[in-house]
Amino acid sequence: MGLQLYNSLSRRKEEFKPLQEGRVGMYVCGPTVYGHAHLGHAKSYVSFDVLVRYLRYLGYTTTYIQNITDVGHLTDDADEGEDKIAREAAKERKHPMAIAEYYTRSFFEDMDQLNCVRPDISPRASGHIIEQIELVRELIEKGYAYEVNGSVYFDVVKFKDYGKLSGRNIEEMVAGARIEPSPDKKNPVDFALWKKAEPNHIMQWPSPWGAGYPGWHLECSVMAMKYLGKTIDIHGGGLENQFPHHECEIAQSEAANGVPFVVTWLHNNMVTVDGQKMGKSLNNFITLKQAFVGEHERLKQAYEPLAVRQLVLNSHYRSPLDFSDAALFAANSGHQKITEAVKAVRKQIKTAAAGELDADVARQLETFKARFEEAMNDDLNTSVALSVLFDLVRLTNRLIESGTTRATLSAIDDLFTKLGGDVLGIVKNDYAEAAGGNDEAVGKLVGVLIDQRASARKAKDFAAADAIRNSLDEAGIALEDKPEGTQWRWK
RNA sequence: GGCGGCGUAGCCAAGUGGUCUAAGGCGACGGUUUGCAAAACCGUUAUUCGUCGGUUCGAAUCCGACCGCCGCCUCCA
């Protein structure tokens with residue numbers, strides 16, 4: 001059985017079949033860049049990163065598009081809402097584009113840390129204003145949109161499929177509307193395609209309807225179409241974007257093109273902190289930068305970026321992830337265990353005896369690979385895929401203890417690299433013995449102390465030996481006495 | 001109020017009709033190893049899956065009620 005994905009549109013798992021043999025076009029809603037990325041971004045982008053990686057592992061040539069929203073959208077859908085980027089710009093006394101640029105760089109930095117592959121294209125909304133205006137014009141021409149006072153709205157009742165993704169119907173929504181309907185709209189559920197800009201609005205562009213800026217659903221439709229075509233294989237995003245954002249994307253795109261916009265819709269679930277939804281407006285979010293340095297009242301220590309990644313992969317992308325320091329700590333310990341095993345294999349390969357690949361081990365590796373693929377094929381069950389990796393860790397450590405051939409160790413390393421590295425992204429290709437220029441000097445100094453301690457131990461002066469070990473421990477360095485000698489590592 | 005989801009060991013979490021007396025990780029405990037540790041390995045840690053009923057030869061898995069929690073319906077990954 002091939003890859004099965006849960007399609008939010010059909011509400012069931014479907015066999016994945018790309019429109020074009022061997023090629024996949026995938027679009028994922030990117031961040032609005034007015035603040036540093038947080039744990040929620042990590043869950044979303046790590047989840048889709050693993051999908052991209054797995055598609056490539058399966059041999060699909062995959063084009064991955066993830067937009068950058070650098071045109072501020074309104075803080076609410078009522079007309080008096082504020083532009084988020086503009087608000088941040090005013091606060092920091094900078095140009096809105098400077099804010100967008102700054103947080104775009106910050107975002108890429110964090111995603112790199114999480115070992116997410118860069119999208120093939122990271123299109124900016126501000127760079128596609130012309131295309132957006134074109135789409136609005138087309139929608140007006142086709143009778144799906146209307147202009148009022150310099151703003152253009154999508155006429156929702158004209159698009160009969162509206163609600164098919166989120167399972168809503170227009171009548172109920174009209175009846176249950178909570179916000180004051182804008183007097184300009186024909187219908188309260190209509191949404192803005194183009195907004196008239198007030199004179200003091202910095203981010204504005206000329207258009208056939210006067211100076212203004214695009215509505216917040218428009219960019220994704222336009223950029224997905226431009227780079228991937230009128231119908232795309234996969235569109236991903238956070239669950240909270242299913243409505244209204246994705247529903248509106250469908251309406252705009254399908255009204256304009258007359259063909260299905262997306263074959264497979266994928267939605268990842270949310271991150272909660274202590275059982276509470278984490279959101280930018282709730283002020284309870286933990287940024288990735290805070291997690292990486294451990295500076296947050298809910299964090300007891302700094303955590304490796306890949307530990308955060310592993311925490312995300314420990315549960316399913318469609319399940320909510322309730323964040324806690326304890327959960328991160330556990331993921332971190334587990335990640336260290338995997339890392340240590342990989343390092344140990346690679347180290348022993350250098351000194352292992354030549355010889356045939358152990359047939360029994362080869363068989364087990366085949367089984368692991370099959371179990372891994374079976375799990376990933378089942379709507380990306382990364383939790384089970386991870387468990388296979390832990391089985392591989394146990395096998396590895398046993399073999400390292402008993403000793404085996406270089407070919408066998410290479411086969412193990414290869415599997416770690418493919419499954420843990422290429423697909424899950426939690427195993428690195430290279431582990432520097434000690435990172436950074438200073439560490440070489442540290443290594444020498446620690447080496448001197450290790451020698452002194454060895455002499456003390458030889459002389460059975462364990463008090464002196466332990467004193468050295470304790471001082472190093474306080475400096476954050478752990479010593480491990482192995483058969484081949486004493487090793488040190490940062491704690 | 002409308003719509004959707006969830007409740008599995010101390011914690012995280014997979015499993016969604018029989019192979020489940022329920023993966024995997026963390027933690028804890030015991031053992032091997034060690035001068036002592038660390039790391040690693042071996043073993044133990046849910047006869048039970050929110051509660052109560054029902055369907056079935058058979059349920060953690062299906063149905064109903066109840067309790068608790070969460071999300072969407074307004075920007076948000």
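To find a chain, count down the sequence lines: A is the first, B the second, and so on, and within it residues start at 1.
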Asks: Of the listed nucleotides (B:C26, B:G24, B:C41), which one gets closest to any side-chain atom of A:D391?
Replies: B:G24
Asks: Taking a pair as Watson-Crick (N1 to N3 plus N6-O4 or O6-N4) or G-U wobble (N1-O2 and O6-N3), both under 3.5 Å, which stems of 3 or more consecutive pairs involve RNA chain B?
Replies: B:1-7 with B:67-73, B:10-12 with B:24-26, B:27-32 with B:40-45, B:50-54 with B:62-66
Asks: Mind checking whether A:H267 and A:H246 have parallel, tilted or perpendicular rings, split at 30° and 60°?
Replies: tilted
Asks: Tell me, which of residues 446-465 of chain A have any heavy atom that sits under 4.0 Å from an atom in RNA chain B?
Replies: A:R453, A:R457, A:F462
Asks: Go through the steps for A:M111 and A:H41 under the test side-chain contact (heavy atoms from CB on, under 4.5 Å), then give the verdict.
Replies: CA-CA 9 Å; A:M111 291 304 122; A:H41 293 100; 4.3 Å; yes
Asks: Among A:W265, A:Y64, A:F48, whose ring-ring contact (aromatic ring centres under 6.0 Å, His included) with A:H235 holds?
Replies: A:W265
Asks: I would like to know whether A:L239 and A:N268 meet side-chain contact (heavy atoms from CB on, under 4.5 Å); could you show each step before the answer?
Replies: CA-CA 6 Å; A:L239 195 57; A:N268 67 274; over 6 Å; no
Asks: Working note: A:L389 + A:L424, criterion side-chain contact (heavy atoms from CB on, under 4.5 Å); need CA distance, chi angles, decisive distance, verdict.
Replies: CA-CA 10 Å; A:L389 221 59; A:L424 295 184; 4.2 Å; yes
Asks: Run the numbers on A:F323 and A:H38 for ring-ring contact (aromatic ring centres under 6.0 Å, His included), then give the verdict.
Replies: CA-CA 12 Å; A:F323 171 85; A:H38 51 69; over 10 Å; no
Asks: Can you tell whether the side chains of A:R309 and A:D49 come within less than 4.0 Å, N to carboxylate O?
Replies: yes
Asks: Are A:K289 and A:E109 close enough for a salt bridge, meaning some N to O gap below 4.0 Å?
Replies: yes
Asks: What nucleic acid atoms does A:V271 come within less than 4.0 Å of, heavy atoms only: base, sugar-phosphate, or nothing?
Replies: base
Asks: With a 3.5 Å cut-off and no angle check, do the side chains of A:S221 and A:Q252 form a donor-acceptor pair?
Replies: yes
Asks: With respect to A:H316, which candidate in A:D379, A:T382, A:N269 satisfies the side-chain contact (heavy atoms from CB on, under 4.5 Å) definition?
Replies: A:D379
Asks: To the nearest 0.5 Å, how far apart are CG in A:L386 and CG in A:L419?
Replies: 11.0 Å
Asks: Considering heavy-atom distances to RNA chain B, does A:H245 or A:N397 have its closest nucleotide positioned more toward the 5' end?
Replies: A:N397
Asks: Show every donor-acceptor pair shorter than 3.5 Å between a side-chain atom in residues 324-333 of chain A and any protein atom, with sequence neighbours excluded, or say none if there are none.
Replies:
unit_1 : atom_1 : unit_2 : atom_2 : d
A:S324 : OG     : A:A327 : N      : 3.1
A:D325 : OD1    : A:K300 : N      : 3.0
A:D325 : OD1    : A:Y303 : OH     : 2.8
A:D325 : OD2    : A:Y303 : OH     : 3.3
A:S333 : OG     : A:F329 : O      : 3.2

Asks: Sticking with atom C1', work out how far B:G1 lies from B:A60, rounded to a whole angstrom.
Replies: 33 Å
Asks: Would A:T486 and A:R457 satisfy side-chain contact (heavy atoms from CB on, under 4.5 Å), going step by step from the backbone distance to the final call?
Replies: CA-CA 12 Å; A:T486 299; A:R457 290 174 73 207; 4.0 Å; yes
Asks: So, does the side chain of A:R469 form a donor-acceptor pair with the base of B:A37 at under 3.5 Å?
Replies: yes
Asks: Base, backbone or nothing for each nucleotide of nucleotides 6-17 of chain B, written B, S, -, heavy atoms under 4.0 angstrom, 5' to 3'?
Replies: ------BSSS--
Asks: Nearest to the side chain of A:E401, heavy atoms from C-beta on, is which of B:C70, B:A77, B:A40?
Replies: B:A40
Asks: Rounding to the closest angstrom, what is the interatomic distance between B:A22 and B:U34 at atom C1'?
Replies: 37 Å
Asks: Does the base of B:G35 carry an N or O that pairs as donor and acceptor with the side chain of A:D466 under 3.5 Å?
Replies: yes
Asks: Suppose you measure atom C1' in B:C11 against the same atom in B:U74; what distance do you get, rounded to whole Å?
Replies: 35 Å
Asks: Say we look at B:G15 and B:G24: how far apart would their P atoms be, to the nearest angstrom?
Replies: 15 Å
Asks: Scan A:D481 against the nucleic acid and name what it touches under 4.0 Å (heavy atoms): base, sugar-phosphate only, or nothing.
Replies: base
Asks: Using the P atoms only, state how far B:A23 lies from B:U32, rounded to an integer number of Å.
Replies: 27 Å
Asks: NZ/A:K347 to CG/A:L409 distance, rounded to the nearest 0.5 angstrom?
Replies: 13.5 Å
Asks: Does B:A77 have OP1 or OP2 sitting under 4.0 Å from an N or O in the side chain of A:T32?
Replies: yes
Asks: Please report the distance separating the C1' of B:U45 from the corresponding atom of B:G25, rounded so that it comes out in whole Å.
Replies: 14 Å
Asks: Check each residue of residues 101-122 of chain A for a non-hydrogen atom within less than 4.0 Å of any atom in RNA chain B, then write out the ones that pass by number, or none.
Replies: none
Asks: Specify the residues of residues 332-340 of chain A, ordered by number, for which at least one heavy atom lies under 4.0 angstrom from an atom of RNA chain B.
Replies: A:S333, A:G334, A:K337
Asks: Does the A:Q310 side chain pair with the main chain of A:L306, one donor and one acceptor, at a distance under 3.5 Å?
Replies: no
Asks: Taking the side chain as every heavy atom from C-beta outward, state whether A:Y27 and A:N67 have any atom pair closer than 4.5 Å.
Replies: yes
Asks: Look at the side-chain N and O atoms of A:R11 and state whether any lies under 4.0 Å from the OP1 or OP2 oxygen of B:G4.
Replies: no
Asks: P atom, B:G5 versus B:G64: distance in rounded Å?
Replies: 12 Å
Asks: Please determine whether a side-chain nitrogen of the Lys or Arg among A:D70 and A:R124 lies less than 4.0 Å from a carboxylate oxygen of the Asp or Glu.
Replies: no
Asks: For atom P, what is the distance between B:U16 and B:C63, given to the nearest Å?
Replies: 15 Å
